[in-house]
Amino acid sequence: MKKYPFLSLKTNNQPYIDELKCAILKTLESGWFLNGENTKNLEHEIASLCHTQYAVACSNGLDALRLIFRAYIESGAMQAGDEVIVPANTYIASILAVTDNHLIPIFVEPSETTLNLDTEKLEAAITNRTKAIMTVHLYGAACWSPILNNLSKKYGLKIIEDNAQAIGAESEYQGLTGGHITGGLGDAAGLSFYPTKNLGALGDAGAVTTNDEQIANIIRALANYGSDKRYHNIYKGLNCRMDETQAAALLVKLRHLPEITAARRERAAIYEKEINNPAVRKPLFDKGAVWHQYIVRTKERDRFRQYLLDNGVETDIHYATPPHQQPCYSEYSRLCLPITERIASEVTSLPITEGTPLSDIREIAGIINEFK
Ligand SMILES: *Cc1c(COP(=O)(O)O)cnc(C)c1O
């Protein structure tokens with residue numbers, strides 16, 4: 001039987017292997033492994049891609065988000081116990097960044113069509129302790145609407161983007177400073193270069209993008225032991241730097257991001273056109289999405305996944321357990337978030353990455369259409 005892997009990083013990185021070897025060898029031979037030219041060049045490229053003034057490279061996506069909240073606390077804009085509105089349907093790392101800073105996550109349900117934060121429900125969740133809204137561009141689709149611009153102005157809230165899954169995605173609506181590209185829509189954004197993300201490093205890496213010079217400077221210091229100058233520490237900081245070897249690999253991959261994004265969009269368009277089974281609900285993302293995942297919904301998810309597996313199609317689930325139902329968040333286990341919980345019980349992620357041949361995508365669509 002033919003096998004359709006969900007994801008193969010080996011296949012995905014194969015076209016760039018010679019360029020990657022060359023970039024890593026050069027870094028090795030330079031003898032310079034942290035805070036060097038590669039990181040500086042990458043920050044420049046990321047800021048330009050996200051249409052922001054500043055980018056600060058760091059260790060991973062969770063640290064990027066942790067550093068953002070910590071920087072707002074150091075700047076005096078937030079303090080422990082303040083509330084941050086978060087989407088209930090997200091990867092747990094979005095929430096961990098909030099609670100790690102002793103801020104309180106207030107969970108808001110997603111929209112049934114986009115699976116992302118339902119911005120219509122935001123205002124009802126605002127209290128006098130609310131300091132920020134975190135929008136997560138889940139599955140590679142920008143989660144933004146003019147409501148966010150309005151709430152930010154009306155209540156003086158910071159809008160933080162979790163842009164881990166949506167590098168280069170375009171929003172239909174203008175962000176706070178007029179841009180349309182994720183990472184440059186809100187006040188500050190966290191990016192992840194985890195190997196399976198659309199722009200994947202060869203290990204852990206991440207970045208913060210922002211137009212706020214003060215926040216960029218605080219984050220740069222916090223990520224380097226809290227030092228503004230060598231051996232001069234203005235914060236009780238962390239070590240959240242990016243390796244020069246990862247920056248070198250990311251500079252190579254970044255040059256190919258337009259083709260990676262185009263390949264994912266082409267695969268999503270085939271699923272959209274060819275999957276035609278009333279039992280399988282397809283995602284409705286706008287045309288600016290970069291398709292980190294292609295998510296379908298079925299009532300009998302286990303039977304659907306088993307059927308696909310019996311036909312050689314490997315799938316995954318993003319995510320089977322929402323954050324408020326994870327054992328570490330037992331204090332939120334009694335929350336009633338029926339839309340989030342139903343989505344978690346229905347979603348299946350299909351193979352979508354650039355390494356999956358187009359013919360495989362068509363065959364997978366055909367197999368899905370035969371599901372009864
Ligand atoms: C991957 C991911 C993160 C965390 O990024 P890491 O680099 O793995 O730490 C945060 N939020 C979302 C939505 C993610 O998908």
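Atoms within each ligand, like the ligands themselves, are counted from 1 in listed order.
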Margin query: As an exercise, state the distance from CD1 of Ile95 to OH of Tyr332, rounded to the nearest 0.5 Å.
Written below: 9.0 Å
Note to self: Contact between ligand 1 and His137 is defined here as a heavy atom of the residue under 4.0 Å from a ligand atom; is it met?
What the structure shows: no
Next item on the list: Counting heavy atoms only, name the option from Ser192, Pro87, Gly140, Ala97 that's nearest to atom 5 (O) of ligand 1.
Entry: Ser192
Notebook entry, point to check: With Glu346, which of Lys299, Arg301, Arg281 fulfils salt bridge (charged side-chain N to carboxylate O under 4.0 Å, His left out)?
Noted result: Lys299
Margin query: If we ignore hydrogens and angles and just use 3.5 Å, is the side chain of Arg267 paired with the main-chain N or O of Ala263 as donor and acceptor?
Written below: yes
Notebook entry, point to check: Out of curiosity, Arg362 CZ to Ile367 CD1, how far, rounded to the nearest 0.5 Å?
Noted result: 14.0 Å
Item checked: Any donor-acceptor pair under 3.5 Å from Asp187 side chain to Thr210 backbone -> no
Margin query: What's the separation between atom SG in Cys58 and atom CD1 in Ile219, rounded to the nearest 0.5 Å?
Written below: 8.5 Å
Margin query: One residue to check: His292. Relative to ligand 1, which of side chain, backbone, both or neither has a non-hydrogen atom less than 4.0 Å away?
Written below: neither
Check: Is Leu62 touching ligand 1 with its side chain, its backbone, both, or neither, if touching means heavy atoms under 4.0 Å apart?
Finding: both
Item checked: For Asn60, the ligand 1 atoms whose distance to one of its heavy atoms is below 4.0 Å -> 7 (O), 9 (O)
Note to self: I'd like to check which ligand 1 atoms, numbered from 1 as shown, lie under 4.0 Å from a non-hydrogen atom of Gln165.
What the structure shows: 13 (C), 14 (C), 15 (O)
Note to self: Any carboxylate oxygen within less than 4.0 angstrom of a Lys/Arg side-chain nitrogen, looking at Lys2 and Asp360?
What the structure shows: yes
Check: In the protein, what heavy atom is nearest to atom 14 (C) of ligand 1, and what distance, to one decimal place, separates them?
Finding: Lys197 NZ, 3.2 Å
Checklist line | Numbering as shown, the atoms of ligand 1 that approach Gly61 to under 4.0 Å (heavy-atom distance) | finding: 5 (O), 6 (P), 7 (O), 9 (O)
Notebook entry, point to check: Within less than 4.0 angstrom of ligand 1, does Asp204 place any heavy atom?
Noted result: no
Notebook entry, point to check: What atoms of ligand 1 come closer than 4.0 angstrom to any heavy atom of Ala164?
Noted result: 2 (C), 3 (C), 10 (C), 11 (N), 12 (C), 14 (C), 15 (O)
Margin query: What protein heavy atom lies closest to atom 11 (N) of ligand 1? Include the residue and the distance to one decimal.
Written below: Asp162 OD2, 2.7 Å
Next item on the list: Applying side chain to side chain contact (heavy atoms under 4.5 Å, CB included), name anything that partners Asn149, two or more places apart in sequence or on another chain.
Entry: Trp144, Leu176
Checklist line | Atoms of ligand 1, numbered as shown, that sit under 4.0 Å from any heavy atom of Ala93 | finding: 3 (C), 4 (C), 10 (C)
